[in-house]
Structures are given as structure tokens and as C-alpha cells.
There are 2 protein chains.
Amino acid sequence: MKNVTIKDVAKYADVSPSTVSRVISNSPSISPETQQRVREAMKKLGYHPNVIARSLVKQKTNTIGLVLSRPTKAAFANPFFPGIIQGIASVAQEEHFSLVLAAAKDYREEHAEALKMLRNRRVDGIILMASRVNDDLIKQLQDNRSKFILIGRSLEIKDIPLVNNDNIEAAYKAVKYLHKRGYEKVALICGPEEYVVSQDRLTGYKKALEEAGQGFDKSLVMYTNFTFEDGYDATKKLMAKKDFDAIFAVDDLLALGALRAAQDSGLKVPDDMGIVGFNDDPMVSYVKPALTTVRIPIVEMGEKAARMLIRIITEEDYNGEEQIIPTEILPRGSTR
Amino acid sequence: MKNVTIKDVAKYADVSPSTVSRVISNSPSISPETQQRVREAMKKLGYHPNVIARSLVKQKTNTIGLVLSRPTKAAFANPFFPGIIQGIASVAQEEHFSLVLAAAKDYREEHAEALKMLRNRRVDGIILMASRVNDDLIKQLQDNRSKFILIGRSLEIKDIPLVNNDNIEAAYKAVKYLHKRGYEKVALICGPEEYVVSQDRLTGYKKALEEAGQGFDKSLVMYTNFTFEDGYDATKKLMAKKDFDAIFAVDDLLALGALRAAQDSGLKVPDDMGIVGFNDDPMVSYVKPALTTVRIPIVEMGEKAARMLIRIITEEDYNGEEQIIPTEILPRGSTR
DNA sequence: TTGTACGCGTTATCAG
DNA sequence: CTGATAACGCGTACAA
């Protein structure tokens with residue numbers, strides 16, 4: 001079955017191809033009768049516009065790109081990834097954009113894939129998950145005048161379009177919440193030290209301590225990866241050398257590890273030890289005790305990012321902005 | 001900055017555009033010197049091929065599509081979705097294909113989006129997550145001679161390319177495993193009755209009972225959705241009217257609900273009640289007791305599906321096949 | 001080994 | 001209101 005093109009429709013409706021094109025684009029200057037005839041011909045022949053050809057002449061693909069690297073996934077942990085995609089995909093569909101996804105094994109590859117999509121003109125713009133400081137890429141994108149937006153934030157470069165949850169505020173609120181619930185000494189199980197998110201959360205943690213009139217005690221902070229075991233070990237190590245009565249872990253899996261370590265040491269949660277996690281993984285409300293955690297509106301972040309990128313692409317004079325998404329503490333059984 | 005095209009390179013290297021094109025496609029009949037000159041020109045001018053233009057002339061996009069509808073996601077539950085995408089995306093990249101993702105709110109929309117991608121020639125083929133019987137779509141795709149592959153299986157239509165985990169076998173093995181561990185009466189918390197996966201799992205369950213010389217007792221089966229609460233309620237209801245000492249739940253969240261219900265009723269898991277879940281959500285090895293569960297190699301399924309679709313697209317005389325992926329039981333603390 | 005000419009399916013410009 | 005015509009960037013017969 002041959003592809004039916006605009007020409008076939010034109011022939012069938014006895015008009016010129018341009019007229020058919022006009023009908024497709026709802027051009028006003030077209031007589032109702034021919035309009036009618038053309039539409040019938042399209043239906044009759046089963047015509048569907050070829051978006052590739054259209055892209056070629058319009059120099060627009062109506063497509064946005066998203067690169068996912070495995071480290072990114074690890075960094076943002078479980079629930080982040082599907083939520084972001086869902087948010088982006090639904091907005092894309094709403095705005096009649098396509099979404100192309102590229103996988104990358106590491107940051108070098110992520111970098112390369114992002115540039116490739118743009119340079120090959122496969123996409124009009126891209127969304128970057130900036131879990132780590134990848135400022136080279138950002139600079140290159142800026143130099144090329146490429147359209148892009150960050151989810152997360154760059155450490156050094158300012159004034160670029162991004163949507164981020166406020167990690168400083170989130171950590172601040174979590175620690176503050178623990179204080180309010182009567183816990184006095186809060187330990188922090190942070191992510192990898194080099195991550196922007198880790199640094200931000202540390203900042204928030206410090207701020208809360210300061211406000212409570214407490215000095216910052218470096219030995220109450222552990223840098224780890226995001227596994228259960230990391231959380232367990234970190235907690236054990238902390239308990240070996242320090243006294244404290246609460247833990248803020250920057251990931252739910254870490255928090256679960258901390259919970260287990262505390263319990264294994266004979267501590268009662270939440271009475272002897274309060275624990276707050278991060279991300280609100282669907283599972284953690286069903287463990288015992290249910291985990292108090294910080295929820296970030298992930299889907300919404302994806303939506304905002306997509307919406308903003310599409311505005312950047314379509315509106316000549318809009319260059320994006322910084323959108324900070326507030327987080328929320330969900331009190332559950334792991335804090336009193 | 002204007003787009004640098006093949007013509008610019010040609011002019012710079014003082015050859016014809018077709019020569020440049022030949023260099024790009026590594027045509028053998030090209031002298032080393034001009035080859036060299038052209039490559040330098042490309043580098044010098046920063047040339048990158050325009051995939052859109054290439055697609056138009058080749059009538060191939062080198063792109064595969066994936067439609068996700070929200071019900072699909074719910075049906076396949078948590079870990080399925082990101083794993084499948086990861087598998088597909090990594091193979092796509094490996095094979096130099098792009099992946100475009102479309103979101104859909106319901107099955108009607110999923111249907112529409114799938115056809116749209118194909119008809120607009122945005123993609124060369126699509127991957128369908130067939131959690132429910134959507135045979136119309138499949139028939140239409142067949143009629144259009146579209147390239148596609150299913151993840152999961154169609155209930156009625158046979159001989160279509162698909163990759164599936166063997167749900168019959170998986171359920172059979174789970175129940176068999178419980179029997180071997182000394183449990184005698186196994187209840188089944190199934191998914192929604194109309195899902196193909198639910199039906200398959202029921203079949204496997206029955207098969208295991210039969211082999212154990214037990215009759216099938218309809219009142220030991222509950223049809224539910226996939227939430228924690230569903231699992232909890234189903235278990236409570238079952239316990240109200242029947243005696244049994246083990247539960248096979250077709251989703252980890254369901255199993256967690258069952259676990260809680262059993263514990264709330266004063267039963268000891270795994271001694272008084274054995275529980276087996278499904279999916280191996282990363283979280284469930286960290287609850288207490290850790291959940292015995294059936295693992296399906298999700299990423300691998302995505303990879304196989306992508307690889308097969310790409311073969312279908314690229315190899316003239318290959319039309320796909322059925323690939324059944326074996327599952328695996330992970331014994332943990334919720335069974336003795 | 002290389003160049004010329006045409007076509008892929010559309011849209012945009014300019015006449016009429 | 002409509003129709004030629006020329007792009008968009010590339011691949012490929014056909015010639016040379």
C-alpha cells in the first residue's frame with residue numbers, strides 16, 4: 001500500500017497540492033466548497049500528513065528530547081524517574097509535541113546524546129536532569145543557542161531556565177520538623193558529597209541547626225550512596241561514635257536502612273529515634289513503622305519543565321526562568 | 001548561525017554534494033584524498049547530518065515508538081514501567097534508533113496515539129504494552145502491515161510478535177514452591193479479573209493445585225486492584241470465611257497488604273502464614289519479614305522487545321516470533 | 001571515481 | 001480564492 005500524499009489528494013479532489021496544504025493548515029482563504037471536496041478526498045484516500053516532510057520545510061520538529069543516564073537515575077532514586085517522564089509526556093501530548101528519549105550509560109554519553117539530538121535536528125529542545133554538575137554541557141548549549149531546560153540546578157551557572165525542588169528548604173523543614181517533635185540532636189545521612197542536591201540539603205540542615213542555636217557538628221553527617229546498606233552502615237557508624245536521637249536521610253531507601261539499624265540496636269522508633277526520609281516512595285507508607293518522609297511533586301516538576309521548554313521553543317521572546325517547587329513533609333509513624 | 005548543510009561542505013571541499021553524501025555513507029568508491037578533504041571540511045564547518053531530511057528520502061525514521069497509558073502503568077505496577085523503558089532505550093541507542101514516547105490517558109487514546117505515530121510516519125514501528133485485551137488495535141496494525149511488537153500477550157490473536165513473561169508458569173512455580181515449603185492451602189490474590197495476566201496466573205495456580213491433588217476452591221481466590229489496601233482487605237475477607245496457611249499475591253504491594261493483615265490478625269509470618277509476592281520491587285527485600293517474591297527480568301524484556309522490533313523493521317523477511325521469558329522465585333523471610 | 005539531476009512530501013512565495 | 005514554482009537537506013540513478 002503506497003503512502004497517500006498531498007498530491008494524491010489534490011488529484012482526487014481536482015485541485016492543486018497547495019490548496020490541499022491550505023486546507024490542512026486551516027487557511028482562511030479557501031472556499032467552503034473546495035474545502036469540503038478536499039476533506040472528503042482526504043478521508044476517502046486515508047490521507048495523513050507526513051510529519052517528517054513538514055519538519056523539513058518548517059525547520060521545526062515539534063519534538064523535545066530527554067536524556068537519561070544511569071547515574072542520573074541512581075542519583076534521583078526510584079520514584080523520580082517514572083514520575084518525571086509521566087509529567088513530561090502528558091504535557092507534550094497536550095501541546096502536540098513528541099518526546100524522544102535517549103539512554104546513556106554515563107555522563108560523557110549523556111552529554112554526547114544531548115548534543116546529537118540537537119545537532120541532528122531531531123528535536124527542537126531538550127530537558128536535562130542535572131543531578132551532577134555538568135557545566136560544560138550547559139555552556140555548550142548556551143553557545144549553540146540551543147533551547148533547553150534543567151530539572152535540578154547547576155551549581156555555578158546562574159540565570160538558566162530550570163525547575164527544581166528546593167532542597168535547601170526541604171532539608172531545613174525536615175530538621176525543623178524533627179526539632180518541633182522534640183528531637184534534639186539530628187544526624188544527617190547525605191547523598192554523595194559531589195552532588196548539588198547533597199550540598200543543598202546540607203545547607204538546609206545547617207541552617208536549621210543554626211536557627212535552633214546548635215553548632216554544626218561535622219561528625220553527625222555521613223556521605224553515602226543511595227542503597228539500604230549505605231543507610232544501615234552509616235547509622236551504625238554514627239551510633240558508634242555519637243549520641244543523637246533523630247536521623248534525616250536524603251532518600252527513602254537510606255532511611256529504611258537507618259530504621260533497621262536503629263531497631264537492630266534495640267532502639268524504639270519513633271520513641272528513642274526519629275527518622276525522616278526523602279522522596280515518598282509509594283512503598284514506604286506501608287512499612288512498620290510507616291516512614292515520615294519529604295514528598296517532592298515529581299510529576300508536577302516534569303510537567304512544568306515540559307511546559308516551560310515548549311514555551312521557550314515556540315515563543316520568540318521568552319527565554320525561561322527559574323521555577324522552584326515547594327516540598328511537603330508527610331508525618332507518619334517513624335517520628336513521634 | 002545558519003545550519004551547515006551538505007552543500008556548504010561540498011563547496012568548501014570543492015566537490016559535489018553527492019560526493020559528500022558518499023563520504024557520509026562510507027561509500028567505497030571514493031578516493032582517499034577527496035575523502036580526506038571532505039572529512040576535514042565537515043569538521044571545519046561543524047557539519048552534522050540532518051536526520052529529518054535523511055528520513056524523508058529514505059522513507060525510514062530509524063525510530064521506534066512506545067505508548068504508555070496510565071491504566072497500563074497501573075496494571076503493570078511500579079517497577080515494570082521504568083525497567084521496560086530502560087531496556088528499550090538502551091537497545092535503541094545501541095542500534096542507533098531513536099525512541100519516541102507517547103502518553104495516553106486511557107485505552108482509546110493509547111490506540112489513537114499508536115496509530116498516529118505510525119501513520120504520520122514519525123516511527124518505523126511501535127512497542128505495545130498489552131496489559132488488557134486490545135485486539136482491535138492489533139487487527140488494525142496487521143491490516144496496515146505496520147511493524148509492531150507486544151509486551152505481554154493478546155488473549156485471542158495468535159502468531160504475533162511478542163515478548164512475555166510466562167505468567168502461567170510463574171504462578172505455578174510460586175504455588176508449587178509454597179507447597180514444597182510445607183504450606184498446604186494456598187489462597188490467591190489475583191489482579192482484576194479481565195486482565196490477561198490475571199487469567200494466566202489463575203491458570204498456573206489451578207495447575208499447581210491439580211498437581212498437588214487438591215481441588216480448585218473458588219472461594220480462595222480474590223480479584224482486586226493493585227493497592228496495599230486491596231491486599232489488606234482481600235486477606236481479611238478470605239480469613240473471615242476460610243482456612244488457609246499461605247497467600248500468593250500477584251503484586252508486591254498486594255502482598256504487603258496481605259502481610260499486614262495477617263500480622264494484624266495475630267498470625268506469625270512465615271510460621272503461621274506464608275506469603276509470596278510478585279515483581280520484586282526493590283523495596284520489598286527491606287521490609288520485615290522480607291518478602292518472598294517472583295522476579296521478572298523486566299529490563300531484559302524491554303531489551304528483547306526492542307531488539308526484535310528493530311529486526312522486524314530492518315530485516316525484510318523476518319516477521320518476529322514469540323519470546324517467553326522465564327521468571328524466578330526469590331525466597332526470603334515471608335516464607336519458611 | 002565523481003558530477004548532474006531528480007525526487008522524498010510539505011510549505012511558502014508570488015502571480016493570477 | 002487558487003495554482004505554479006521553489007525551496008527544506010539529503011540520497012541515488014544515471015552519465016561522464
Side-chain angles (χ1 to χ4, degrees), chain A residues 1-39 41-42 45-63 96 116-124, chain B residues 1-39 41-42 45-63 96 116-124:
Chain A
M1 188 166 63
K2 236 184 109 282
N3 284 338
V4 20
T5 76
I6 233 175
K7 283 183 192 168
D8 302 321
V9 177
K11 207 163 290 174
Y12 190 91
D14 200 35
V15 291
S16 77
S18 2
T19 301
V20 178
S21 176
R22 288 190 186 99
V23 171
I24 293 167
S25 54
N26 285 315
S27 166
S29 61
I30 204 110
S31 86
E33 308 127 44
T34 52
Q35 167 123 209
Q36 171 81 1
R37 253 203 349 276
V38 170
R39 292 212 182 281
M42 296 196 306
L45 300 179
Y47 169 79
H48 296 276
N50 182 323
V51 295
I52 299 295
R54 181 178 291 168
S55 294
L56 183 58
V57 36
K58 301 259 265 191
Q59 301 286 66
K60 294 247 168 196
T61 58
N62 261 252
T63 301
H96 304 290
K116 200 167 81 179
M117 289 198 294
L118 256 2
R119 292 197 288 222
N120 291 349
R121 263 127 310 191
R122 196 184 292 281
V123 301
D124 296 333
Chain B
M1 189 168 63
K2 236 183 107 286
N3 283 338
V4 21
T5 77
I6 233 175
K7 281 184 193 167
D8 302 320
V9 177
K11 205 163 291 176
Y12 190 91
D14 200 34
V15 292
S16 78
S18 37
T19 301
V20 178
S21 176
R22 288 187 186 102
V23 171
I24 292 168
S25 55
N26 284 316
S27 165
S29 61
I30 204 111
S31 85
E33 308 127 45
T34 52
Q35 168 121 208
Q36 172 82 0
R37 248 199 357 273
V38 170
R39 290 210 184 283
M42 295 195 306
L45 300 180
Y47 169 79
H48 295 276
N50 182 323
V51 295
I52 298 294
R54 181 179 291 169
S55 295
L56 183 58
V57 36
K58 300 258 268 192
Q59 302 284 64
K60 295 244 167 195
T61 58
N62 262 251
T63 301
H96 305 290
K116 199 167 82 178
M117 289 199 294
L118 255 4
R119 292 198 288 222
N120 291 349
R121 261 124 315 189
R122 198 186 289 281
V123 302
D124 296 333

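Every chain is numbered from 1 and lettered A, B, ... according to where its sequence line falls, protein lines coming before strand lines.
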Are OP1 or OP2 of [N] and a side-chain N or O of [X] less than 4.0 angstrom apart?
| X | N | result |
| --- | --- | --- |
| Ser29(A) | dC1(D) | no |
| Arg54(B) | dG11(D) | yes |
| Gln59(A) | dA7(D) | no |

Can you measure [X] atom [atom1] to [N] atom [atom2] for me and round it to whole angstrom units?
| X | N | atom1 | atom2 | answer |
| --- | --- | --- | --- | --- |
| Met42(B) | dC10(D) | CE | P | 11 Å |
| Lys58(A) | dA7(D) | NZ | P | 19 Å |
| Asn26(B) | dG11(D) | CG | P | 12 Å |
| Arg119(A) | dG9(D) | CZ | P | 17 Å |
| His48(B) | dC10(D) | NE2 | P | 12 Å |
| Lys60(B) | dC10(D) | NZ | C1' | 17 Å |
| Ile52(B) | dC10(D) | CD1 | P | 11 Å |
| Asn120(A) | dG9(D) | CG | P | 14 Å |

Within the structure shown, what part of the strands sits under 4.0 Å from [X] by heavy-atom distance: base, sugar-phosphate, or nothing?
| X | result |
| --- | --- |
| Thr34(A) | sugar-phosphate |
| Val15(B) | sugar-phosphate |
| Arg22(B) | base |
| Ser18(B) | base |

Rounded to the nearest 0.5 Å, the CZ atom of Arg122(A) sits from the OG1 atom of Thr61(A) at a distance of 10.0 Å
Between the CZ atom in Arg22(B) and the OG1 atom in Thr34(B), the distance rounded to the nearest 0.5 Å is 10.0 Å
Open item on the list: For Ser21(B) and Ser18(B), which I'm curious about, is there any donor-acceptor pair between the side chains at under 3.5 Å?
Closed with: no
Any side-chain donor paired with an acceptor under 3.5 Å for Ser16(A) and Thr19(A)?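 Yes, a side-chain donor-acceptor pair sits under 3.5 Å.
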How would you give the extent of chain B contacts on DNA chain C, as first and last nucleotide 5' to 3' within a 4.0 Å heavy-atom cut-off?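 Using the under 4.0 Å cut-off, the span is dT1(C) to dG9(C).
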Requested in this report: Apply the test side chain to side chain contact (heavy atoms under 4.5 Å, CB included) to residues Gln59(B) and Asn3(A): give CA-CA distance (whole Å), side-chain angles for both, the deciding distance (0.1 Å), then the verdict.
Outcome: CA-CA 10 Å; Gln59(B) 302 284 64; Asn3(A) 284 338; 3.8 Å; yes
Whichever of Val57(B) and Ile30(B) has the more 5' nearest nucleotide on DNA chain C, that residue is Ile30(B)
For His48(A), does its backbone N or O pair with a side-chain atom of Arg121(B) as donor and acceptor, under 3.5 Å? yes
Note to self: Quick check: do Val23(A) and Arg39(A) have side-chain heavy atoms less than 4.5 Å from each other?
What the structure shows: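 They are in side-chain contact.
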Please say whether more than 12 non-hydrogen atoms of neighbouring residues, nucleotides or ligands are located less than 6.0 Å from NZ in Lys7(B).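 It does not: Lys7(B) NZ has 12 such atoms or fewer within range.
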Next on the checklist: What's the closest nucleotide to the side chain of Ser16(A) if the choices are dT12(D), dG9(D), dA4(D)?
Outcome noted: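 So the side chain of Ser16(A) is nearest to dA4(D).
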On DNA chain D, more 5' by nearest nucleotide between Pro17(A) and Pro28(A) is Pro28(A)
When Thr19(B) and Leu56(B) are each assigned the nearest nucleotide of DNA chain D, the 5'-most assignment goes to Leu56(B)
